[in-house]
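A short write-up of the structure that comes next.
Computed from a predicted structure; not experimentally measured. Quick note: residue numbers are just sequence positions, from 1.
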Amino acid sequence: MKTFTDKRRNASSDGGNSGFKMKQLPFMGVICSVTLYIVYRTTNYQYYETQMETKLHPFDSVEDNELPSGKLKDLPRGIMHTRSDLELRHQWRKSLRSAVKVNTNKNLLAMPVGIKQKEHVDDVVKKFRTENFTIVLFHYDGKVDGWWDLDWCDKAIHIVAHNQTKWWFAKRFLHPDIVSTYDYIFLWDEDLGVEHFNPGRYLEIVKSEGLEISQPALDPNSTEIHHRITIRSRMKKFHRRVYELRGKTRCSNISEGPPCSGFVEGMAPVFSRAAWRCAWHLIQNDLVHGWGMDMKLGYCAQGDRTKNVGVIDREYIVHKGIQTLGGTGELTKKTKKIRRQSTWELKIFKERWNQAVTQDKDWIDPFPRQQRRRKHKRQSKFVDLYD
């Protein structure tokens, strides 16, 4: 039989339990709020990552208007991959996790190479390997076996075609859809000295200044310099134009376009992903030397070429001017033939450009030549040769 004291004890106990439960409610509320916040932040972050990935790699997703009419209707949309890359893949992996590891190489270096320039190429590649570049070598002499003693050789892509040029290789093996995973494409010659060049610092400048097409400046002591705008300015980080009042080509403050502004040379151009998509289409499939293209690359600058094209002075290179496929130097019989071919291709390229402009009635030149007053042309003194 329960006494009055027992009843009071039970009542007190029930009240304690109720009080404990009441104290738990705010704590549980905090836990729920934190959980909801974490879920929100995670979802928001995933959405942001998806949006950024779509912007950086627009060819991952398949839109209805991207599919060839009637040609891919037999495949479910989710299985289709619309892009590729130049990354090496292992034939076997230790785990499934490693099989889906995301590629960390976001930039590409592609060079035409011959075994005679092995030492120079080794110096260049070592610089770029430290910055996690994907390396593609175009072997124009077919001598691939002579490279295997280099520690990075098995990590590079090797493509062989005898006596072919850089632009021939680029047109066939660097299609924009294949290199769409890379932020920047370096399409360089093999005879470049890189003692004063760092790819990472170079790209920091390119990104900070919004340059879509660029090149490292040339050391004034380089063997070959064709245009004043490519010469390094010791006092600048980079420049977009040059002033030159002597010689055949004169560049004043009223000069617009190449080679005074909006210009890089074909020996060491660097393209953003968007700029390369345009430049690849500018390369003529049958004109393999690329002569004349440098004067039109500004049309691929994704806007104003006087702002989006530049030469980086702080990270500069040396052009050694070593004869490979018809460069300067002692003119052999073969070299003379190649030079004649290059000159002929330049003529053909100019004719094609002019014809295309005439035939495309919907195309509007974004860089029309503007008429200037004569009094402006009299301005001939400048404090700085670069801008």
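Judged by distance alone, the side chain of Arg172 and the main-chain N or O of Asn285 form a donor-acceptor pair under 3.5 Å. Thr165 places a side-chain N or O within 3.5 Å of a backbone atom of Val288 that can act as its donor or acceptor partner. Between the side chain of Trp147 and the backbone N or O of Lys143 there is at least one donor-acceptor pair closer than 3.5 Å.
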### Query
Are Phe349 and Trp344 close enough, and set up right, to give a ring-ring contact (aromatic ring centres under 6.0 Å, His included), and what steps lead you there?
CA-CA 9 Å; Phe349 181 82; Trp344 177 80; over 10 Å; no
### Message
With ring-ring contact (aromatic ring centres under 6.0 Å, His included) as the criterion, how do Trp167 and Phe173 come out once you've worked through the C-alpha distance, each side chain's angles and the decisive distance to 0.1 Å?
### Response
CA-CA 10 Å; Trp167 301 107; Phe173 299 104; over 10 Å; no
### Worked check of side-chain contact (heavy atoms from CB on, under 4.5 Å) between His281 and Cys300
CA-CA 10 Å; His281 286 84; Cys300 294; over 6 Å; no
### ring-ring contact (aromatic ring centres under 6.0 Å, His included) evaluation trace for Phe263 with His227
CA-CA 10 Å; Phe263 176 84; His227 300 281; 4.8 Å; yes
### Task
Decide salt bridge (charged side-chain N to carboxylate O under 4.0 Å, His left out) for Asp189 and Lys166; before the verdict, give the C-alpha distance in whole Å, the side-chain angles of both, and the deciding distance to 0.1 Å.
CA-CA 8 Å; Asp189 289 352; Lys166 176 171 71 175; 2.8 Å; yes
### Query
Does the ring-ring contact (aromatic ring centres under 6.0 Å, His included) test come out yes or no for His175 and Trp276, once each step is laid out?
CA-CA 9 Å; His175 188 280; Trp276 176 247; 9.9 Å; no
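A 6.0 Å sphere centred on NZ of Lys127 holds more than 12 heavy atoms belonging to other residues, nucleotides or ligands. For Lys155, the NZ atom sits in a packed shell: over 12 heavy atoms of surrounding residues, nucleotides or ligands are nearer than 6.0 Å. The number of heavy-atom neighbours closer than 6.0 Å to NZ of Lys118, taken from other residues, nucleotides and ligands shown, is above 12. Within 6.0 Å of NZ in Lys237 there are more than 12 heavy atoms belonging to other residues, nucleotides or ligands.
Using a 30° and 60° split on the angle between ring planes, Phe186 and Phe133 fall in the perpendicular class, above 60°. Using a 30° and 60° split on the angle between ring planes, His196 and Tyr316 fall in the parallel class, below 30°. By the 30° and 60° cut-offs, the orientation of the rings of Phe138 relative to Phe169 is parallel.
Of the N and O atoms on the side chains of Glu265 and His226, at least one donor lies less than 3.5 Å from an acceptor on the other residue. In this model, no donor atom of one side chain and acceptor atom of the other lie less than 3.5 Å apart for Asp191 and His120. Neither side chain, Glu351 nor Gln355, offers a donor N or O lying under 3.5 Å from an acceptor on the other. Looking only at atom types and distance, the side chain of Tyr184 has no donor-acceptor partner in the side chain of Ser214 under 3.5 Å away. Between the side chains of Trp152 and Asp122, at least one donor N or O sits under 3.5 Å from an acceptor N or O.
Remark: Arg305 is positioned above the aromatic ring of Phe367, its terminal NZ or CZ atom under 6.0 angstrom from the ring centre and at most 45 degrees off the axis.
Here the shortest heavy-atom pairing between His239 and Ile229 reads NE2-O, 2.6 Å. Minimum interatomic distance between Ala268 and Pro216 (heavy atoms only, all atoms of both residues): O-CD, 3.6 Å.
For the atom pair CG of Leu187 and CE of Met267, the computed distance is 13.0 Å after rounding to the nearest 0.5 Å.
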